[in-house]
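Side chains are part of it too, since the values below use all heavy atoms of this structure and drop only hydrogens, waters and symmetry mates. One-based numbering along the sequence shown. Keep in mind that this is a model prediction, so the values were computed, not measured.
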Amino acid sequence: MSLLEYALLSVSTLFTLINPIGISPLFLVLTERFNDAERKTIARKGTLTGAVTLTVFALLGTYIFTLYAITLDAFRIMGGIIFFRSGIRMLESIAPRTRSTPKEQEESLHHDDIAISPIGIPVITGPGAITAAMVLSGQASNPLHYAILLVSIVLVLYVTYWFLRGADSLSKRLGMTGMRVIQRVMGIILMVIAVQFIINGVTPVLESVISSAIVI
């Protein structure tokens, strides 16, 4: 995979899974009791939490593979399944429970600092994004790939921060219909990426089985 291809894959996958447009309404709901200045602070702390989380998993992804004897192909298939489920939810405009549970919403009403949880984790950095960081880390074949992945994480979280800061105006301009249309389009893109991940994981396994059968 060329550097450009890897960069495009990293940015598109992370952006689609984090889904800044889709989480903007949820951010508005969770921060409705705060003023504009406090919302900006929460958005900044939340995206910083997300960036740190994804960076840790991106850097430790290869070591986790080695420690638990996990093959990249197996993780691609598993990651593809998770991505596909997330894509279906986005396509149907269903907010996943892993993003905001009733307990997390209740806690947000009693604690001033909700930036780390649930905003940072799991609203911004859900299991899909974490899985993506690990899968992309496993696909990195040289230091430049790792550098591109880290830059992609920072870039996507930076864009996410500005989406959250402008959540109010974005919601008013697009309206509920516009937000749902964009969310569904991103869901379709995510499902296509998921299918490709599964194909990339299954193909080497099938080739290995066929090769073994021919030898026998």
Side-chain angles (χ1 to χ4, degrees), residues 1-20 22-23 50 53-99 121-122 124-153 155-157 182-216:
M1 187 182 299
S2 68
L3 296 180
L4 179 59
E5 290 174 337
Y6 185 76
L8 291 175
L9 176 64
S10 298
V11 172
S12 61
T13 301
L14 291 172
F15 184 84
T16 304
L17 282 167
I18 293 175
N19 190 13
I23 66 176
T53 301
L54 292 182
T55 299
V56 169
F57 277 96
L59 295 177
L60 297 180
T62 302
Y63 298 101
I64 293 175
F65 287 150
T66 303
L67 179 63
Y68 293 100
I70 301 173
T71 65
L72 178 59
D73 295 330
F75 210 84
R76 281 173 177 166
I77 296 172
M78 185 275 292
I81 294 172
I82 291 178
F83 299 166
F84 196 84
R85 289 183 61 193
S86 298
I88 291 177
R89 286 170 178 157
M90 292 167 61
L91 190 62
E92 297 177 347
S93 296
I94 299 175
R97 288 178 299 172
T98 52
R99 289 276 173 124
I121 305 171
I124 295 175
T125 311
I130 292 175
T131 301
M134 294 181 64
V135 171
L136 291 168
S137 173
Q139 291 183 315
S141 57
N142 57 62
L144 284 178
H145 279 156
Y146 282 106
I148 289 174
L149 177 56
L150 296 181
V151 171
S152 299
I153 291 173
L155 176 62
V156 171
L157 268 299
I182 294 177
Q183 182 172 345
R184 284 173 175 149
V185 170
M186 295 180 69
I188 293 174
I189 295 174
L190 179 57
M191 292 170 71
V192 173
I193 293 175
V195 171
Q196 189 60 55
F197 266 89
I198 294 175
I199 292 175
N200 292 342
V202 171
T203 299
V205 176
L206 293 178
E207 290 177 347
S208 177
V209 172
I210 294 174
S211 299
S212 300
I214 292 176
V215 171
I216 294 176

**Q.** Set of side chain to side chain donor-acceptor pair (under 3.5 Å) partners for Y6, sequence neighbours left out
**A.** none

Q: Evaluate the criterion side chain to side chain contact (heavy atoms under 4.5 Å, CB included) for residue pair H145 and N142; output intermediate values, then yes/no.
A: CA-CA 5 Å; H145 279 156; N142 57 62; 3.7 Å; yes

Q) Looking only at heavy atoms, what is the nearest atom pair of G128 and L17, with distance? A) O-CD1, 3.4 Å

Q) What is the distance from atom OG of S2 to atom CG of L144, rounded to the nearest 0.5 Å? A) 12.0 Å

Q) L136 versus Q139: any side-chain heavy-atom pair under 4.5 Å? A) yes

Q) Distance-only, no hydrogens or angles: does the S152 side chain make a donor-acceptor pair with backbone N or O of I148 under 3.5 Å? A) yes

Q. Tell me, do S12 and I189 make a side-chain contact under 4.5 Å, heavy atoms counted?
A. no

Q) In Å, rounded to the nearest 0.5 Å, how long is the span from CD1 of I153 to CD1 of I18? A) 8.0 Å

Q) Of all heavy-atom pairs between G80 and F197, which one has the smallest distance, and what is that distance? A) CA-CB, 4.0 Å

Q: Find the distance between OH (Y146) and OG (S141) and round it off to the nearest 0.5 Å.
A: 9.0 Å

Q.
If you define the side chain from C-beta out and look only at heavy atoms, does anything of T131 sit under 4.5 Å from M134?
A. no

Q. Would N200 and Q196 count as a side chain to side chain contact (heavy atoms under 4.5 Å, CB included) if you check the C-alpha gap in whole Å, the side-chain angles of each, and the deciding distance to 0.1 Å?
A. CA-CA 6 Å; N200 292 342; Q196 189 60 55; 3.0 Å; yes

Q. Got T53 and I124 here, is their nearest side-chain heavy-atom distance under 4.5 Å?
A. no

Q: Determine, stepwise, if the pair L54 / L157 fulfils side chain to side chain contact (heavy atoms under 4.5 Å, CB included).
A: CA-CA 10 Å; L54 292 182; L157 268 299; 3.9 Å; yes

Q: Please report the closest heavy-atom contact between A132 and L14, naming both atoms and the distance.
A: CB-CD2, 4.2 Å

Q | Separation between CG of L4 and CG of L8, rounded to the nearest 0.5 Å | A | 4.5 Å

Q: For the pair T203 (side chain) and I199 (backbone), establish whether a donor and an acceptor sit closer than 3.5 Å, ignoring hydrogens and angles.
A: yes

Q) Can any side-chain N or O of T125 pair as donor or acceptor with the backbone N or O of I121 at less than 3.5 Å? A) no

Q: Please check if the side chain of T16 supplies one atom and the backbone of T13 the other of a donor-acceptor pair under 3.5 Å.
A: no

Q) Can you name the residues that form a side chain to side chain contact (heavy atoms under 4.5 Å, CB included) with V151, not counting sequence neighbours? A) none

